[in-house]
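Lettering of chains follows the sequences in order, A, B, ..., and the numbering in each one begins at 1.
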2 protein chains.
Amino acid sequence: MNSNNVTIYDVAREAGVSMATVSRVVNGNPNVKPTTRKKVQDAIDRLGYRPNAVARGLASKKTTTVGVIVPDISNIFFADLARGIEDVATMYKYNIILGNSDSSRDKEVHLLNTLLGKQVDGIIFMGGRLHEDLVEEFKKSPVPIVLAATLNQGYDLPAVNIDYEQAAYDATQMLINHGHDRVGFITGPLEQQINGEKKFAGYRRALEDAGLPFHDNDMILGNYTYASGLEAMQKMLQRDDCPKAIFAGTDEMALGVIHAIQDAGYSVPNDFEVVGHDNTRLATMIRPKLTTVVQPMYDIGAVAMRLLTKILNAEEIEEKNVVLPHRIERRDSLRQD
Amino acid sequence: MNSNNVTIYDVAREAGVSMATVSRVVNGNPNVKPTTRKKVQDAIDRLGYRPNAVARGLASKKTTTVGVIVPDISNIFFADLARGIEDVATMYKYNIILGNSDSSRDKEVHLLNTLLGKQVDGIIFMGGRLHEDLVEEFKKSPVPIVLAATLNQGYDLPAVNIDYEQAAYDATQMLINHGHDRVGFITGPLEQQINGEKKFAGYRRALEDAGLPFHDNDMILGNYTYASGLEAMQKMLQRDDCPKAIFAGTDEMALGVIHAIQDAGYSVPNDFEVVGHDNTRLATMIRPKLTTVVQPMYDIGAVAMRLLTKILNAEEIEEKNVVLPHRIERRDSLRQD
DNA sequence: TTTCCAAATGGAAACGTTTTATATCGCATG
DNA sequence: CATGCGATATAAAACGTTTCCATTTGGAAA
């Protein structure tokens, strides 16, 4: 009873028509007489025919599959993004092949080539840093590539992001406005443009605009994890001139920061104020609840996928470099004004 | 310079051999003279040939792609599982097509059929409950299906799990051993076998073995989220006879429980003790750190995928119903013995 | 040398669709 | 009653591989 291996040809014979007609019916082509359509549809149902997408892909050169390259799907941030991508993909009848790169250049390149070999119709890429080898590969890609939550570098690809510089500025400024003359900045590696060029720049600009000096040791770099946030803050707490306001590059690091503060016997927000970044679900799973920059991960994924479908359908594109709005969600890790 | 549309035929011509020989070289078939192999390899490099996996799939009836059906990838639990699956898949040169079902029967069935249409070589399924319609579809599947963190029901599929009944027993017993004569149980919907039959059964058995009665209202059902755990505990706290020990069906719910307790001015573990389930990364991101049942999600995914590869390679399978060991990780939400 | 056999190579048929060019049908029109 | 034309349907050629079978090659044994 395997609905297996019944082909378009079997259906054609059963219905007494040609393959081409069956193909038209299956693909909703209007040039089929209703009675014929019915006849074919009945045959399809009777035989339990299911079109072979591989054969279809070979003949049509379209696989209705897109590749998604992500550093690590087990990271809540990328998981949200992926969900946004998948939802929109489903909406447009695409499936996604998902691959983890661990932000390794080799894995990224390898994955890209595997996906291209599988004839995906397009690719959505996420990664902290666009290595130039990878950009070379991108240039050779026969299918469109869209960046999600990933900054363009050297090669002008369609991309969906928020304004990280401004977001960092806003967060830092908010802390400064609360009367702090020093603001600690704990984030990920500076090699990643998003930290090194954007968030850092926003942070410095906010200090500057407030007439505050930048202290080298007010900035500590980690690797995005809870543990690295905790550790960074522990280190900072040992200083006599420890900043009483902290802007953390991700929510997970912010949780680490808050716990380090609490473990040392201080209170958030009374002794220290903390602002995070991303507004992952974690932000409300801590006491005090975290004030954080809202980066709409799901939306970034969804918009990126939508952008890709537009490119695939050769639709009009207003702007291939999409900047989604951000805002700061105020919660209890900041004192009331 | 698109390495596009250069076919095996072009390579054959360039190298002065037949397609068949090129195919052999590409597939590592040993029956090729080293000099010929070199000649072909050079032609491949020169032309930038990349085999078309779709054509390959059509000819060989293997796509080296497996389908993964998951309720929601943005859930940290499934994201971890998916990561385990993908890592092992990569190891065996498979790619995964990932789809979210939202635990909806219709989406599950639809997704399954889409995947089968795409000629995946196998499928890994995750879902709280196996609807009988879905089981019917599974029976008709021409490719093997493996369940991950999902209990078999009615149809004997290969599956990878832990012993949920025993895990719940252990957790409950641990709380009872701490002197509690009532243990609250906050978990997900009972329609899901994993709660309704396994965790619940383990909970009751532990009570029974300790000679304690089961109180209907000591159990509250939620939907796995932080918010539902919080809410459930708030409700429980309003009772005069509120249990001072809580076993939560997931870590996320446990976080909600702990915060509800703390919000009400009580201390964990001094006033209340809490045990969670799953040991997601959340468990260490809370104060006090959460004591929790370790369910090795990554491993379940990895083992499930490995099991699938074994089936695909027709390797010997010792046991198609794999039960991975569990244990309880003791942290600060439980008092020292 | 010849003979033989394994190793290496080639030819061509599958695989299951889509798509293009072509044929047929039915019917209004002149 | 022929003509022409749109609407439908068909036949057959792609699509780019793998794989089966046949053929060639080259060297060892006779």
Side-chain angles (χ1 to χ4, degrees), chain A residues 2-41 43-44 47-65 114 116-121 142-143, chain B residues 2-41 43-44 47-65 114 116-121 142-143:
Chain A
N2 268 3
S3 56
N4 202 9
N5 70 352
V6 17
T7 75
I8 199 173
Y9 185 73
D10 299 324
V11 176
R13 184 152 27 82
E14 175 83 9
V17 300
S18 74
M19 293 166 43
T21 300
V22 178
S23 176
R24 282 196 202 87
V25 170
V26 169
N27 292 293
N29 184 311
N31 289 349
V32 183
K33 205 166 23 169
T35 64
T36 315
R37 182 181 302 280
K38 172 97 172 59
K39 213 167 49 177
V40 171
Q41 193 57 57
I44 287 176
L47 267 44
Y49 168 69
R50 174 193 296 134
N52 181 325
V54 172
R56 194 183 274 204
L58 184 59
S60 70
K61 303 183 157 272
K62 304 237 163 297
T63 54
T64 60
T65 302
T114 306
L116 293 178
K118 295 224 168 171
Q119 312 297 118
V120 294
D121 295 338
V143 302
Chain B
N2 267 2
S3 57
N4 200 11
N5 69 353
V6 17
T7 74
I8 198 173
Y9 185 73
D10 299 323
V11 175
R13 184 151 29 82
E14 175 83 9
V17 300
S18 72
M19 292 167 42
T21 300
V22 178
S23 176
R24 284 194 197 90
V25 171
V26 170
N27 293 293
N29 183 312
N31 288 350
V32 181
K33 208 168 19 169
T35 63
T36 314
R37 180 181 303 280
K38 172 96 170 58
K39 213 167 46 177
V40 171
Q41 192 58 57
I44 288 176
L47 268 43
Y49 168 69
R50 174 192 297 134
N52 180 323
V54 173
R56 195 184 274 204
L58 183 60
S60 69
K61 304 185 157 268
K62 303 236 162 299
T63 55
T64 60
T65 302
T114 304
L116 293 178
K118 295 225 169 173
Q119 312 297 116
V120 295
D121 294 339
V143 301

When you check the phosphate oxygens OP1 and OP2 of C:dT9, does a side-chain N or O of B:N31 lie under 4.0 Å from one of them?
no
Taking CG from B:L58 and C1' from C:dG16, how many angstroms apart are they, rounded to a whole number?
6 Å
Return whichever of A:S60 or B:M19 has its heavy-atom-nearest nucleotide of DNA chain C closer to the 5' end.
B:M19
Verify the contact: side-chain N or O of A:K62 to OP1 or OP2 of C:dT18, cut-off strictly under 4.0 Å; return yes or no.
no
Hey, is the side chain of A:T7 poking within less than 4.0 Å of OP1 or OP2 on C:dG16, counting only N and O atoms?
no
B:R37 CZ to C:dA7 C1': how many Å, rounded?
13 Å
Atom-to-atom span, CG of A:L47 to P of C:dG16 - whole angstrom:
14 Å
With a 4.0 Å cutoff (strictly under), does any side-chain N or O of A:K61 reach OP1 or OP2 of D:dG16?
yes
Shortest side-chain distance from B:T21, nucleotide among C:dT18, C:dG10, D:dT17:
C:dG10
DNA chain D nearest-nucleotide lookup for B:V54 and A:G16: closer to the 5′ end is A:G16
Atom-pair distance (NZ on B:K118; P on C:dG16), nearest Å
18 Å
State whether B:N52 places a side-chain N or O below 4.0 Å from either non-bridging phosphate oxygen (OP1 or OP2) of D:dC15.
no
Side chain to side chain contact (heavy atoms under 4.5 Å, CB included) with A:Q41: which of A:V22, A:V25, A:V26?
A:V25
note: B:R13, atom CZ; C:dG10, atom P; distance rounded to Å ~ 14 Å
Taking for A:K33 and for A:A20 the nucleotide of DNA chain C with the nearest heavy atom, the one nearer the 5' end belongs to A:A20
Considering only heavy side-chain atoms of B:N27, the closest of D:dT18, C:dG16, D:dA11 is D:dT18
Whether B:Y9 contacts D:dA14 is assessed here as follows: a side-chain N or O lying under 4.0 Å from the phosphate OP1 or OP2. Is that the case?
no
B:T36 side chain N/O closer than 4.0 Å to the phosphate oxygens (OP1, OP2) of C:dA8?
no
Could you grab the distance from atom NZ of B:K61 to atom OG1 of B:T63, nearest 0.5 Å is fine?
11.5 Å
Phosphate contact (C:dT18 OP1 or OP2) by A:S23 side-chain N/O below 4.0 Å
yes
Between P of D:dA14 and CG of B:N5, the distance in whole Å
16 Å
In Å and rounded to the nearest 0.5 Å, what is the NZ to OG1 distance from A:K118 to A:T114?
7.5 Å
Considering only heavy atoms from C-beta outward, does the side chain of A:N52 approach that of A:T7 to under 4.5 Å?
no
A:N29 CG to D:dT10 C1', straight-line distance once rounded to whole Å:
14 Å
Atom CZ of B:R56 and atom C1' of D:dC15 are separated, to the nearest Å, by 16 Å
Using a heavy-atom cut-off of 4.0 Å across all strands, would you classify A:V17 as base, sugar-phosphate, or nothing?
sugar-phosphate
Roughly how far, to the nearest 0.5 Å, is the CD1 atom of A:I8 from the CZ atom of A:R13?
13.0 Å
Rounded to the nearest 0.5 Å, the CZ atom of A:R56 sits from the CD atom of B:Q119 at a distance of 11.0 Å
Donor-acceptor pair (no angle test) under 3.5 Å: A:R24 side chain, D:dT10 base:
yes
